[in-house]
Structures are given as structure tokens and as C-alpha cells.
Amino acid sequence: MPNVLKRTGGLQNATSKLNSLGLAFAAKDKTWFGVLVDDQDYLVASAFSDNRRVIKNHLVRYSLKVAHISPKEVKHSFAEDMAKLHNGEAPKRPVKLGSIGISEFQEKVYEVLKKIPRGRVTNYGLIAKAIKSGPRAVGNAVGSNPWPLFVPCHRVVPSDMTVGNYSMINSPGHENSPVKKTLLYREGVRFQGEKIPPSALWSPARFSS
DNA sequence: GCTTACCACGATG
DNA sequence: CATCGTGGTAAGC
């Protein structure tokens, strides 16, 4: 039976089969948003950029890599949801995340990211302590978050409370990323110069699964 | 298989 | 500023 992959990991029903993937776009304020969605409305990946071709290439490549499927272009409301998240709005409904291509370690990290409140930040070391790992390993996982904006990896900053890095699709990313800073600002984070005030720091509970 | 290089880090000096 | 410890990954044999 071709084109049928078993889903792995604990983010969703492990017995379901994956047959097709859809790719949907939305645009707002000169920014393009793309979502990769499976046939049961699980979000497999997302991306945003000022260049539609860039996110399309990225999501098609990701689809081929993790599922060996060429996605079909569809309409999907997740793309509009993504534009609202980019605007700093609170999500109105939960989005089911597809676990394909996600390691167990990544899943542990993303479970913490999902708990960071809007308007707050945490750092790599605190996440590492919470899941009994190391800060560099957490950085690796955060940097490979397949669902930017839906899973708020932009709320993780260096321990010195600067904004830190936010790598876009294939650009290396740089210190004090203006994109990351804007995302945080729209969610209510205020800055003292280049730094985030300590009152915005949120600490994950230790031993959270 | 195993070994290395690479990192969106952190602590120390 | 520099260096090192650190843990997970991917790429290289």
C-alpha cells in the first residue's frame, strides 16, 4: 500500500494513517503565511515570510522529507489563524499538532513552549532544568520547531534577557532579531532598551511531562 | 554501527 | 572578551 505512513509520537493518535497533505496560504500586511495540514486537520508544519515562494519551497521540502508526499494546494483556515497569531492576537481555538517528524525530545520541549503565557518569556536553561536536559539541546529543538507562531518558540530568549536569535526559513538568524522582538511586543512584552524586564520572565514547573 | 562537528545556551574568569 | 561543559542531531565515515 503506497503512500501510507504510520504516525509516530504522542502528539496524536498513533494508529491513524497519513495519506495526503494540504498546503494553504494567506497573506496579510505584506507577509505570507503557509500551513501544511493533513487529511484530519492536524497541523504538520507552518512558515511565514515576506516571500510566498520561499515558504512554499520550505513546506514542500519539509513534506517530502517527513512524509514523502507532495502536498496539494488547498484552502485552510489555519493560514488565517496564523496571520492573527502574527498580529499578537490570542488563539481562539486549539490547533491539533501532527507529530510526524518530531522526536520524543522535541515533543518534551514543545510541551513546555505551549505553556509560556502570552506577554511573557522564558529561557533555554529553565526549560532544560524542567525536562532534565541541557540548554544547548533545548536550543536545537526550539530552533527546529515545525510550527512557528502556533508553538511560541519566539517566547524563548537567552538568560541575559536580550531578545536573542530567531532563525527564519533558511536565513541564519541573528542576535536581537527584529522579527522576534516585534512578535513579543505585539503580545505585550515591553522592553527596557535592548532588554526584557525580569518581571516578564516565566518559569516552567519542574518535572512537567 | 561509531565518531565528529555543529548549535536560537549558560556559567565562569 | 575567551573558554569550556553540555546534550541532541545529522552528516560523515
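- Gly164(A) comes within 4.0 angstrom of no nucleic acid atom, judged by non-hydrogen atoms across all strands.
- For His76(A), the ring pair (Phe, Tyr, Trp, His ring centres under 6.0 Å) criterion is met by Phe78(A), not counting sequence neighbours.
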Pick out the pairs of N or O atoms, protein on one side and nucleotides 6-8 of chain B on the other, that lie under 3.5 Å.
from	atom 1	to	atom 2	distance (Å)
dC7(B)	N1	Arg136(A)	NH2	3.3
dC7(B)	O2	Asn140(A)	OD1	2.9
dC7(B)	O2	Asn140(A)	ND2	3.2
dA8(B)	O4'	Asn165(A)	ND2	3.2
dA8(B)	N7	Ser167(A)	OG	3.4
dA8(B)	N3	Tyr124(A)	OH	2.8
dA8(B)	N3	Asn165(A)	O	3.3

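- A salt bridge (Lys or Arg N to Asp or Glu O under 4.0 Å) check over residues 49-58 of chain A, counting only residues at least two apart or in different chains, returns the pairs Arg52(A)-Glu73(A), Lys56(A)-Glu73(A).
- Taking Ser77(A) as the reference, Arg93(A) meet the side chain to side chain donor-acceptor pair (under 3.5 Å) condition, with sequence neighbours excluded.
- With sequence neighbours left out, Arg118(A) forms a salt bridge (Lys or Arg N to Asp or Glu O under 4.0 Å) with no residue at all.
- Taking the side-chain contact (heavy atoms from CB on, under 4.5 Å) definition, one finds that Ser177(A) meets it with Tyr166(A), Val179(A), Lys180(A), sequence neighbours left out.
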How far apart are the C-alpha atoms of Asn87(A) and Glu89(A), what are their side-chain angles, what is the distance that settles it, and do they pass the side-chain hydrogen bond (donor to acceptor under 3.5 Å, both in side chains) test?
-> CA-CA 6 Å; Asn87(A) 198 39; Glu89(A) 298 177 34; 3.3 Å; yes

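- Qualifying side chain to side chain donor-acceptor pair (under 3.5 Å) partners for Asn57(A), counting only residues two or more places apart in sequence or in other chains: none.
- Under the side-chain contact (heavy atoms from CB on, under 4.5 Å) criterion, Ser70(A) pairs with Leu64(A), sequence neighbours left out.
- Every residue was checked against the ring pair (Phe, Tyr, Trp, His ring centres under 6.0 Å) condition with Phe150(A), not counting sequence neighbours, and none meets it.
- As judged by a 4.0 angstrom heavy-atom cut-off over every strand, Asn123(A) is placed among residues touching the sugar-phosphate backbone only.
- Taking a heavy-atom distance under 4.0 Å as the criterion, the stretch of DNA chain C touched by chain A extends 5' to 3' from dG5(C) to dT9(C).
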Below 3.5 Å, can you tabulate the donor-acceptor pairs from side chains in residues 188-196 of chain A to any protein atom, sequence neighbours excluded?
from	atom 1	to	atom 2	distance (Å)
Arg190(A)	NH1	Tyr185(A)	O	3.0
Lys195(A)	NZ	Asp160(A)	O	3.2

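- For dC9(B), the OP1/OP2 oxygens have no side-chain nitrogen or oxygen of Ser159(A) closer than 4.0 Å.
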Quick one: the dot-bracket string of DNA chain C, using Watson-Crick and G-U wobble pairs with both distances under 3.5 Å, [ ] for crossing pairs and | for bases paired to another strand.
-> |||||.|||||||

